[in-house]
Undergrad: 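Just passing along the structure, written as structure tokens.
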Amino acid sequence: MKDVLTYKEFIGSVHFSAEDEVFYGKLEGIDDLATFEAKDVVGLKKAFEKTVDDYIELCSQSGKNAEKSYKGSFNVRISPELHRIARRRATQLGISLNQLVLAALEHEINSGSAQGSSPAAAPKN
């Protein structure tokens, strides 16, 4: 996702409605719906930051964690061929498929290529 704003570790999506002539977005990575909008980019940035500050304050007052909770597992859909190749590679390395995927994710995140560019070998499923 390239069209995002960041503030205080929060990410906001950015969209434009030609029909309404307004920029709008929502906070990503939270369990609630928190939106913002403005007629121009400067206003959108201010609205986003105010939404983040208001959301943090609301969560603080209610004793709720502001960030979405994650359970640590998720499904990944890949082609059968990539699945076969990954399983084979994991076996050659003497590790589980889960460990191979974890290492690949850590490598992608730590290499910095995940920030602003898409992975070159991402499958198109």
Side-chain angles (χ1 to χ4, degrees):
M1 184 185 299
K2 293 189 276 186
D3 297 330
V4 297
L5 296 170
T6 57
Y7 175 68
K8 293 185 177 179
E9 302 289 322
F10 284 84
I11 297 174
S13 60
V14 176
H15 306 282
F16 177 71
S17 170
E19 182 179 332
D20 298 325
E21 296 182 347
V22 67
F23 290 96
Y24 66 96
K26 70 175 187 163
L27 298 187
E28 302 291 340
I30 62 173
D31 289 322
D32 302 299
L33 178 62
T35 62
F36 51 94
E37 68 176 55
K39 290 284 186 183
D40 58 43
V41 175
V42 172
L44 186 72
K45 288 179 181 179
K46 287 180 184 177
F48 167 64
E49 291 177 4
K50 181 173 181 353
T51 298
V52 169
D53 290 337
D54 289 350
Y55 184 70
I56 291 170
E57 179 63 26
L58 197 90
C59 288
S60 177
Q61 289 175 358
S62 66
K64 180 180 179 175
N65 186 0
E67 288 190 26
K68 183 175 184 150
S69 59
Y70 294 94
K71 62 182 182 175
S73 65
F74 60 95
N75 292 326
V76 179
R77 290 168 185 77
I78 60 174
S79 70
E81 179 64 10
L82 183 58
H83 190 170
R84 184 186 68 74
I85 293 168
R87 176 75 232 150
R88 184 179 179 126
R89 180 67 179 146
T91 300
Q92 289 172 338
L93 294 172
I95 60 176
S96 69
L97 183 57
N98 191 67
Q99 290 170 310
L100 181 74
V101 172
L102 178 61
L105 279 172
E106 288 175 343
H107 173 75
E108 180 65 22
I109 291 166
N110 293 332
S111 72
S113 64
Q115 302 202 8
S117 65
S118 60
K124 306 282 191 257
N125 288 342

Undergrad: What are the two closest heavy atoms between Ala38 and Gly43, and how far apart are they?
TA: CB-C, 3.3 Å

Undergrad: Around atom CD of Gln61, are there more than 12 heavy atoms from other residues, nucleotides or ligands closer than 6.0 Å?
TA: yes

Undergrad: Within this structure, what is the CD-CD distance for the pair Gln99 and Glu106, rounded to the nearest 0.5 Å?
TA: 10.5 Å

Undergrad: Is there a path of hydrophobic side-chain contacts, each under 4.5 Å between heavy atoms, that joins Phe48 and Ile56?
TA: yes

Undergrad: Could you see if Leu58 belongs to whatever hydrophobic cluster contains Phe36? Use Ile, Leu, Val, Met, Phe, Trp, Tyr and a side-chain cutoff under 4.5 Å.
TA: no

Undergrad: How would you list all residue pairs meeting salt bridge (Lys or Arg N to Asp or Glu O under 4.0 Å) that involve residues 84-97, not counting sequence neighbours?
TA: Glu81-Arg84

Undergrad: State the CD-CZ distance between Glu37 and Phe23, to the nearest 0.5 angstrom.
TA: 12.0 Å

Undergrad: Test your reading of the model: is there a side-chain donor-acceptor pair from Ser17 to the backbone of Val22, 3.5 Å cut-off?
TA: no

Undergrad: Check side chain to side chain donor-acceptor pair (under 3.5 Å) between Glu67 and all other residues, then give those that pass, not counting sequence neighbours.
TA: none

Undergrad: May I ask whether Val52 and Tyr24 are part of the same hydrophobic cluster, defined by side-chain heavy atoms of I, L, V, M, F, W, Y residues being less than 4.5 angstrom apart, directly or through others?
TA: no

Undergrad: Can you tell me if Gln92 has over 12 outside heavy atoms packed within less than 6.0 Å of its CD?
TA: yes

Undergrad: Are Lys64 and Asp31 within salt-bridge range, i.e. N to O under 4.0 Å?
TA: no

Undergrad: Take atom NZ in Lys46; do more than 12 heavy atoms of anything else shown fall under 6.0 Å from it?
TA: no

Undergrad: What heavy-atom pair brings Ile30 and Leu27 nearest, and what distance separates the two atoms?
TA: CD1-CB, 3.7 Å

Undergrad: Grab the two heavy atoms, one from Asn65 and one from Cys59, that are nearest each other, plus how far apart they are.
TA: O-SG, 4.4 Å

Undergrad: Taking the side chain as every heavy atom from C-beta outward, state whether Asp3 and Phe16 have any atom pair closer than 4.5 Å.
TA: no

Undergrad: Can you measure from CG (Leu97) to CG (Leu102) and round to the nearest 0.5 angstrom?
TA: 11.5 Å

Undergrad: Counting neighbours of NE2 on His83 that are heavy atoms of other residues, nucleotides or ligands and sit closer than 6.0 Å, is the number greater than 12?
TA: no

Undergrad: How long is the span from the CD1 atom in Ile85 to the OG atom in Ser79, to the nearest 0.5 Å?
TA: 7.0 Å

Undergrad: Hey, could you give me the CD/NZ distance between Glu49 and Lys8, rounded to the nearest 0.5 Å?
TA: 8.5 Å

Undergrad: Flag yes if Phe74 and Val101 sit in one hydrophobic cluster, no otherwise; membership is Ile, Leu, Val, Met, Phe, Trp, Tyr, and two members link when side-chain heavy atoms are under 4.5 Å apart.
TA: yes

Undergrad: Would Tyr55 end up clustered with Leu44 when hydrophobic side chains under 4.5 Å apart are linked, directly or stepwise?
TA: yes

